[in-house]
Amino acid sequence: MDYQKLADMLFADVVKTPEELEAEFPPRGLPEGAVVSRMAPSPTGFVHLGNLVQGLTSERMTHQSGGVLFLRVEDTDQKREVAGAVETLIEALKFYDIRFDEGASVQGDIGDYGPYRQRQRRDIYHVYAKKLTAEGKAYPCFCTEQELSDIHAEQEKNKENFGYYGKYAVWRDRPIEDIERQLAEGKPWVLRFRSEGSIENKVKFTDLIKGALELTENDIDHVLLKSDGIPTYHFAHVVDDHLMRTTHVVRGDEWLPSLPFHVQLFAALGWKPPKYLHIGPLMKMDGDSKRKLSKRKDPELALTFYEQAGFPVRSVYEYLLGVLNSNFEDWRRANPDIPATEFKFSYKKMNPAGSLFDENKLRDVSKDVLARMTAQEVYALESEWAEKYNPEFYKVFTEKPEYSQAALSIGRGGKKPRKDFATLAEIPAYLSFFYDETFVPEYEQDGFDWQVSREDAAEIVCEWQELCAKDGMPGDGDAWFALVKQMGERLGYCPDTKLYRSEPEKWKGSVGDVSMVLRVATCGRRQSPDLFSVMDIMGSEAVMKRMSRAGEKLGIRN
RNA sequence: GGCCCGUUGGUCAAGCGGCUAAGACGCCGCCCUUUCACGGCGGAAACAGGAGUUCGAUUCUCCUACGGGUCACCA
């Protein structure tokens, strides 16, 4: 067989040579140890947690080592492509703070190793397809879909391994005349790899996460180029990651079975394969068993799910970082205030098994993240979120920014900040009493428990109104609380909780009861952050209005 | 079915031949406290099973079970 002739026949339009491409995309000349990696998603319009896990790992490894992170769009499957998906993808990744040094972007490609969209790299793949063909390492196959499924059926019947190999590889050694005839008739063809492997042999391989691996050699003549001339993932991966000088490939471990083929392809092209990190899948609990998160069934796999649920980017980021490197949690506790990027990420800490996605943990991490932010930061995030998902709240929340920020600042800062909410979606309810528009007093519901009798509650409200009307409300917390105690004592409430507990029969109640009545009257509910701060921020006029409203409900007429 | 990966408390996980087998989330109890949230202290809770190797196995080997993945002109 004259392979060179076959190559010229199949790839008449190829003009470049492998040598020229090598020169065009030379080694990057980065310092020793610098990692070059990439995210290589396919534009299906669905960005998920798996993408992010992989992206985060690549991002940390590259940027921590002074290397390069690039984005390559794997758009080789025209059938599955969704319009605008590339933009969606890029936006989502940007939203999650994955910054690329080069690659595809909304404005077009950036960088010297492009194009970064595989469909545009067709000519490059063909150079190597031609080379492989000329060397007898690849050949055209004219099997129809029907023929292939017949082969599969027969293999199933005979309990043989599936695939195009051995006697089933019917075009592997056809005379060139047969090929010419098919070509002349305009029959569609694919280019297949001529595998010299055998399932009798094992290949040893070291994965950076999984460790030492012993895999069975590949004996299948896999498709390199599809009938439309576009490469399959396998071929594109090998060519691109070589030419783009990728040093580390991070991907899901569903790729492990095709690793022997990839290694084989690198060898066939005379290239050194990159290092691989195969990440275990993210799982979820389904009844009693774990299973991989599925795009179809699990909305929580989509990144948009977390955005909508109001989890800040940093929460998802830190949660994931903790899953990938469990020592991150300890580090974070020791360093509560420095950016997560200062943490020293190591692939060595990554678990070879899959992880169960733990929403409880995410919430916990998120509470911490939110508690460490300044009121201004939370305000900004909340505005952004509410504008999109809770327009009504957005309106009142942003009407008086300083007011809302003051409300958010209660109990913030210091060693033990409050942790009142895990998501931005919980803030409207948490702050509802700060705005008349969203204030819904629980005491207006039947059977509400004021903790004291309604008469006593009325008395407290009344008294407080009079006091404040006369002297105004105290301007600092201690004075305020002293006043509450003093007033309570006059009404028969013990100013000291401990004392009250030791001899409860001597008092009507304790200062806690007095505060509770004022709290309910002001906030409409029994839980609130520090009451003085709330009143102080709301202002005495607003507080007096709340007192009147509660008073009315309690049967006071003024 | 073939091939491959995995298996430490409910969950996430340290561990890498000798430990009373960390820590975190969740749960329970106590303390702090004008409510709640926070915080502090304490508790219940694990090496899938069986053979080896070894003076000694959570750690190494094999088998079994279970879970997961993969066997496309999808990635």
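A note on names: the letters A, B, ... follow the listed sequences, proteins ahead of strands, and every chain is numbered from 1.
Put simply, the side chain of A:R38 does not reach to within 4.5 Å of the side chain of A:L71, judged on heavy atoms.
With a 6.0 Å cutoff to the six-membered ring centre and a 45° limit on the axis angle, A:R546 counts as a cation-pi contact of A:F439.
Contact annotation: A:K202 does not reach the phosphate of B:C3 (side-chain N/O to OP1 or OP2, under 4.0 Å). Note on A:K349: every side-chain N or O is 4.0 Å or more away from OP1 and OP2 of B:A13.
Picking from B:A75, B:C12, B:C5 the nucleotide with the shortest atom distance to the side chain of A:K210 gives B:C5. Side chain of A:K498, nearest nucleotide from B:C73, B:C32, B:C38: B:C32. In the set B:A24, B:C74, B:G6, the nucleotide with an atom closest to the side chain of A:P352 is B:G6. Proximity note for A:V511 (side chain, C-beta onward) versus B:C73, B:G69, B:U34: the nearest is B:U34.
At a cut-off of 3.5 angstrom, counting only N and O atoms as typed in the model, there is no donor on one side facing an acceptor on the other between the side-chain of A:T216 and the base of B:C3. You'll find a donor-acceptor pair under 3.5 Å spanning the side chain of A:R418 and the base of B:C36, going by distance alone.
Side chains of A:D240 and A:Q118: a donor-acceptor N/O pair is present below 3.5 angstrom, by distance only.
Rounding to the nearest 0.5 Å gives a distance of 9.5 Å between CG of A:L408 and OG1 of A:T374.
The distance between atom CG of A:L277 and atom P of B:C5, rounded to the nearest whole Å, is 17 Å. Summarising the geometry, the separation between CZ on A:R526 and C1' on B:A37 is reported as 16 Å, rounded to the nearest angstrom. Atoms CG (A:D420) and C1' (B:G39) sit 14 Å apart, rounded to a whole Å. The separation between A:E214 atom CD and B:C5 atom P is 8 Å, rounded to whole Å. Here the P atom of nucleotide B:A13 and the CG atom of A:L324 are 9 Å apart, to the nearest Å. If you measure from atom CZ of A:R363 to atom P of B:C27, you get 11 Å, rounded to the nearest angstrom. Here B:G39 presents its C1' atom at 14 Å from CZ of A:R333, a figure rounded to the nearest Å. Look at CD on A:E217: it is 18 Å from C1' on B:U70, rounded to the nearest Å.
Using the six-membered ring where Trp is involved, A:H126 and A:F11 have ring planes that are perpendicular, over 60° apart on the 30 and 60° scheme.
Counting non-hydrogen atoms of neighbouring residues, nucleotides and ligands closer than 6.0 angstrom, the NZ atom of A:K275 reaches no more than 12 such neighbours.
In this pair, A:Y233 does not lay its aromatic ring on the base of B:C74; centres under 5.5 Å and planes under 30 degrees do not both hold.
Note on A:K348: nothing from the nucleic acid sits closer than 4.0 angstrom, heavy atoms only. Among the protein residues, A:K419 comes within range of the sugar-phosphate backbone only, with heavy atoms under 4.0 Å from sugar or phosphate atoms but none that close to a base. A:C523 comes within 4.0 angstrom of no nucleic acid atom, judged by non-hydrogen atoms across all strands. Within 4.0 Å (heavy atoms only), A:S515 reaches at least one base atom of the nucleic acid.
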Practice prompt. Using a 3.5 Å limit on both pairing distances, list the dot-bracket string of RNA chain B from the 5' end; Watson-Crick and G-U wobble pairs count, crossing pairs take [ ], interstrand pairs take |.
Written response: ((((((((.[[[..)..(....]]].(((((.......)))))....[[[[[..)....]]]]])))))))....

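Legend: residues meeting salt bridge (Lys or Arg N to Asp or Glu O under 4.0 Å) with A:D150, ordered by chain and number and at least two apart, are absent.
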Donor-acceptor pairs are to be reported for all side-chain atoms of residues 473-489 of chain A against protein atoms at under 3.5 Å, with residues two or more places apart or in another chain.
unit_1: A:D476; atom_1: OD1; unit_2: A:D478; atom_2: N; d: 3.0
unit_1: A:D476; atom_1: OD1; unit_2: A:A479; atom_2: N; d: 3.4

